[in-house]
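All remarks here apply to the structure that follows.
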Amino acid sequence: MNVFQLVQDRFKQALSNIEGAEGAPAPLARSTRPEFGEYQFNGAMALAKILKQKPRDIAETIVEQVNLDDMADSLEIAGPGFINVKLRPEWLAAQVETALADPRLAIEKELAKKVVVDLSSPNLAKEMHVGHLRSTIIGDAVARVIEFLGHDVIRQNHMGDWGTQFGMLIAHLQDKLQASEVATTALSDLEDFYREAKIRFDDEQGFADRAREYVVKLQGGDAECKALWQQFIEVSIQHSEEVYEKLNVKLTNDDIMGESAYNPMLPGVVADLKEQGIVVEDQGAQVVFIEELANKDGEPSVFIVEKSGGGFLYSTTDLAAMKYRSFELDADRIIIFTDARQAYHFKQAEIVGRKGGLLREETTYEHGPFGMMLGKDGKPFKTRTGGTVKLADLLDEAVERAGKLLAERNSDLSADEQNEIARKVGIGAIKYADLSKNRTTDYIFDWDTMLSFEGDTAPYLQYAFARIQSIFRKAGINTEDFSANVVIAEAQEKALAMKLLQFVEVMNAVSQNLTPHVLCTYLYELASLFMTFYEACPILKDGVPEETKQSRLALSLLVSKTMKQGLDLLGIETMEKM
RNA sequence: GCGCCCGUAGCUCAGCUGGAUAGAGCAACGCCCUUCUAAGGCGUCGGUCGUAGGUUCGAAUCCUACCGGGUGCGCCA
């Protein structure tokens with residue numbers, strides 16, 4: 001049940017019955033204040049000009065025509081011609097009952113589309129660092145939401161497992177192995193390993209040449225190089241998987257489709273473009289001139305697809321990935337989460353891909369950009385010594401900090417339980433802090449804010465959830481199959497019910513606009529409304545009539561289920577006690 | 001130089017396709033625990049929505065210019 005959609009459809013229907021207003025836009029909005037009801041229709045003012053009537057007169061005509069008798073009280077016209085819709089408490093109560101009885105919370109599945117989500121995509125030459133956090137968790141959350149809405153989501157971890165730096169790395173690895181070290185030991189710290197290799201590359205005579213030679217051999221399919229590369233990749237992937245595990249992100253080996261996988265397709269992609277006649281040779285390289293992105297002087301944008309020496313670039317790989325996803329995976333949507341700096345590149349890629357026939361017309365190509373993670377000082381987030389922060393270390397620190405904060409509070413929970421809670425709170429905090437900000441610009445990473453346990457944070461949401469669970473324990477109800485007659489009498493109950501029914505609207509927004517922060521805001525508002533309700537409307541206290549108690553338990557249960565579902569879609573875990 | 005993103009309360013951020021007195025959280029201050037987890041609730045304080053024009057019945061939102069910050073612009077990814 002999508003209330004917004006339902007009300008809007010009724011207004012559309014009404015407009016179609018009004019002479020001259022057929023097909024006019026039906027701007028419905030959520031009301032900003034309770035006295036204006038739950039929704040407001042703002043179409044009358046715009047129609048005034050077209051129909052040459054006073055907006056309030058038009059509003060009256062619309063009110064006469066619109067049929068909302070089953071769900072709303074009489075409509076009010078206010079101000080210049082706003083039409084306020086006040087939903088009837090009994091109708092809301094019935095919707096709450098319906099949602100509570102449905103495992104999907106009365107959210108219908110949409111017509112299934114194939115949606116490719118490109119997320120995380122770490123560079124395997126190094127260990128995952130903070131720069132990979134946003135793509136990983138934003139992508140994971142969006143993928144989960146789209147999946148929940150009924151779509152067929154294909155996750156693609158476009159790992160950077162190919163490129164010139166691997167020559168240097170496998171050369172170094174070969175030496176290590178010959179010194180009878182085991183690969184996993186040698187690669188236990190990828191950052192150190194990379195640094196060592198880089199130093200040799202820069203300083204050691206002959207090493208750089210050997211590294212370059214290895215790149216050529218590797219790309220040429222040399223078995224020995226390939227075997228070394230394979231070992232390196234496997235260990236590095238293992239590191240990534242540990243991070244995904246800690247992060248509670250739904251990414252597995254099956255989702256990996258690294259750059260190397262596209263290697264065999266690259267010549268074909270360039271050939272495709274040549275066939276379409278959009279590639280030209282310029283300064284020895286194969287390039288596409290993009291007139292659509294020309295500057296003021298008419299100079300077209302340049303997109304190189306093959307180097308002058310004959311090698312391919314990341315642009316070529318991205319085009320190959322595009323073709324594979326659109327044609328092989330049959331994607332209706334391709335969604336790519338990378339940092340904002342690559343926005344121009346993907347814009348170029350889409351134009352080239354469409355002209356070059358690498359993207360089916362029906363396939364959308366969407367880039368979900370985001371900014372960098374900055375420290376409290378507004379500069380790129382680094383360790384105290386100025387190094388890159390490893391993601392694994394960051395996550396460990398989050399859990400550790402959460403544990404300390406939890407230990408400061410007296411608790412009757414066992415050590416094991418406390419550790420488990422610290423893990424969920426720490427990881428949840430770090431994810432929520434990031435997910436709750438949409439900015440395509442950079443964002444400030446601040447331990448104190450995200451772990452403060454107060455305000456708009458994961459711990460607050462987890463606390464709200466745990467608090468509701470304790471009510472159910474106390475009431476001794478079975479949350480699996482509880483149902484009750486819902487009666488909405490108080491303002492706090494109505495506000496809460498309305499918020500509950502807007503869950504689907506929020507998920508649609510997340511799916512369409514790739515904005516998980518909308519879901520975060522929603523869950524925070526839901527939790528806040530619950531707390532307000534909880535203070536104002538007693539549930540288990542003495543003197544509460546049985547019907548009221550049952551009704552409020554039902555309301556609380558739907559809040560609990562909605563929060564659990566919402567947090568799960570964000571990849572944030574909940575707990576029964578806190 | 002050109003392109004893209006951004007500029008909202010002291011700080012961190014919302015504000016959907018233009019709509020009624022611009023919202024949260026933190027910080028500050030004041031209340032509320034013999035009563036369902038006070039990791040909570042209620043309230044107060046706090047904003048020329050970068051600046052100047054324009055479009056509109058109506059602009060934080062759309063258009064133009066400028067100022068300020070970030071980022072990208074041919075063989076790295």
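Within every chain, numbering begins at 1; the chains are lettered A, B, ... in the order of the sequence lines, protein sequences first and strands thereafter. Please read these numbers as outputs of a predicted model, since none were measured by experiment.
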* Atom pair distance, as rounded to whole Å: CZ in F36(A) and P in G19(B) -> 14 Å
* To do: Respond yes when some side-chain nitrogen or oxygen of R439(A) is under 4.0 Å from OP1 or OP2 of G7(B), and no when none is.
  => yes
* Between atom CD in E454(A) and atom P in A24(B), what is the gap in whole Å? -> 18 Å
* Is the aromatic ring centre of Y344(A) closer than 5.5 Å to the centre of the six-membered base ring of G72(B), with the two planes inclined by less than 30°? -> no
* Among K431(A), K564(A), R423(A), which one satisfies salt bridge (charged side-chain N to carboxylate O under 4.0 Å, His left out) with E573(A)? -> R423(A)
* Asked: For C42(B), does OP1 or OP2 lie under 4.0 Å from any side-chain N or O of T532(A)?
  -> yes
* Between I304(A) and I468(A), just flag the one whose closest nucleotide in RNA chain B comes earlier from the 5' side. => I468(A)
* Asked: Within the structure, does a side-chain N or O atom of Y460(A) lie under 4.0 Å from either OP1 or OP2 of G41(B)?
  -> yes
* Report yes if at least one side-chain N or O of K307(A) is closer than 4.0 Å to OP1 or OP2 of C76(B); otherwise report no. => yes
* State the pairing partner of U37(B); accept Watson-Crick or G-U wobble contacts with both distances under 3.5 Å, and report none otherwise. => none
* Asked: Which label fits C33(B), syn or anti, where anti is any glycosidic angle not within 90° of 0?
  -> syn
* Asked: Which comes earlier along RNA chain B counting from the 5' end, the contact point of C537(A) or that of E306(A), where each point is its nearest nucleotide?
  -> C537(A)
* To do: Identify whether any heavy atom of L313(A) sits under 4.0 Å from a base atom; if not, whether one sits that close to sugar-phosphate; answer base, sugar-phosphate or nothing.
  => sugar-phosphate
* To do: Scan every strand shown for a Watson-Crick or G-U wobble partner of U51(B), both distances under 3.5 Å, and answer none if you come up empty.
  => A65(B)
* Touch check for A78(A), heavy atoms < 4.0 angstrom, all strands: base, sugar-phosphate only, or nothing? -> base
* Structure fact -> In terms of heavy-atom contacts, Y365(A) and M322(A) come closest through CZ-CE, 3.5 Å
* To do: Select base, sugar-phosphate, or nothing to describe what A509(A) touches, counting heavy atoms under 4.0 Å on all strands.
  => nothing
* V287(A) side chain: which of A77(B), U37(B), G74(B) is closest? -> G74(B)
Contact list (N/O, under 3.5 angstrom) for nucleotides 57-59 of chain B vs protein:
residue	atom	partner	partner atom	Å
C57(B)	OP1	K49(A)	NZ	2.9

* Taking OP1 and OP2 of A77(B), is either one under 4.0 Å from a side-chain nitrogen or oxygen of H158(A)? -> no
* **Pairing of K86(A) and E38(A) as salt bridge, 4.0 angstrom limit** => no
* Asked: Is the distance between the ring centroids of F503(A) and Y522(A) under 6.0 Å?
  -> yes
* **Atom-to-atom span, NZ of K437(A) to P of C11(B) - whole angstrom** => 16 Å
* **Test: K126(A) and E191(A) ion pair at under 4.0 Å** => no
* Asked: Which part of the nucleic acid, if any, lies within contact of H517(A), taking any heavy atom under 4.0 Å across all strands shown: a base, the sugar-phosphate backbone alone, or nothing?
  -> sugar-phosphate
* To do: Check whether any side-chain nitrogen or oxygen of S470(A) sits under 4.0 Å from OP1 or OP2 of U37(B), and answer yes or no.
  => yes
* Give Y524(A) one of three labels, base, sugar-phosphate or nothing, depending on what nucleic acid heavy atoms sit under 4.0 Å from its own. => sugar-phosphate
* Assess whether one donor atom and one acceptor atom, taken from the side chain of D282(A) and the base of G74(B), lie less than 3.5 Å apart. => yes
* May I have the distance from F312(A) (atom CZ) to G74(B) (atom C1'), rounded to whole angstrom? => 17 Å
* To do: Look at all strands and tell whether Q165(A) reaches a base, only sugar-phosphate, or nothing, counting heavy atoms closer than 4.0 Å.
  => nothing
* Asked: At under 4.0 Å between heavy atoms, what does E505(A) touch on the DNA or RNA strands: base, sugar-phosphate, or nothing?
  -> nothing
* To do: Using whole Å, report how far CD of Q418(A) lies from P of U37(B).
  => 18 Å
* To do: Pick base, sugar-phosphate or nothing for D318(A), based on heavy-atom distances below 4.0 Å to the nucleic acid.
  => nothing
* To do: Starting from P on A39(B), measure out to OH on Y432(A) and report it in whole angstrom.
  => 19 Å
* Asked: Would you call the rings of H129(A) and H132(A) parallel, tilted or perpendicular, where under 30° means parallel and over 60° means perpendicular?
  -> tilted
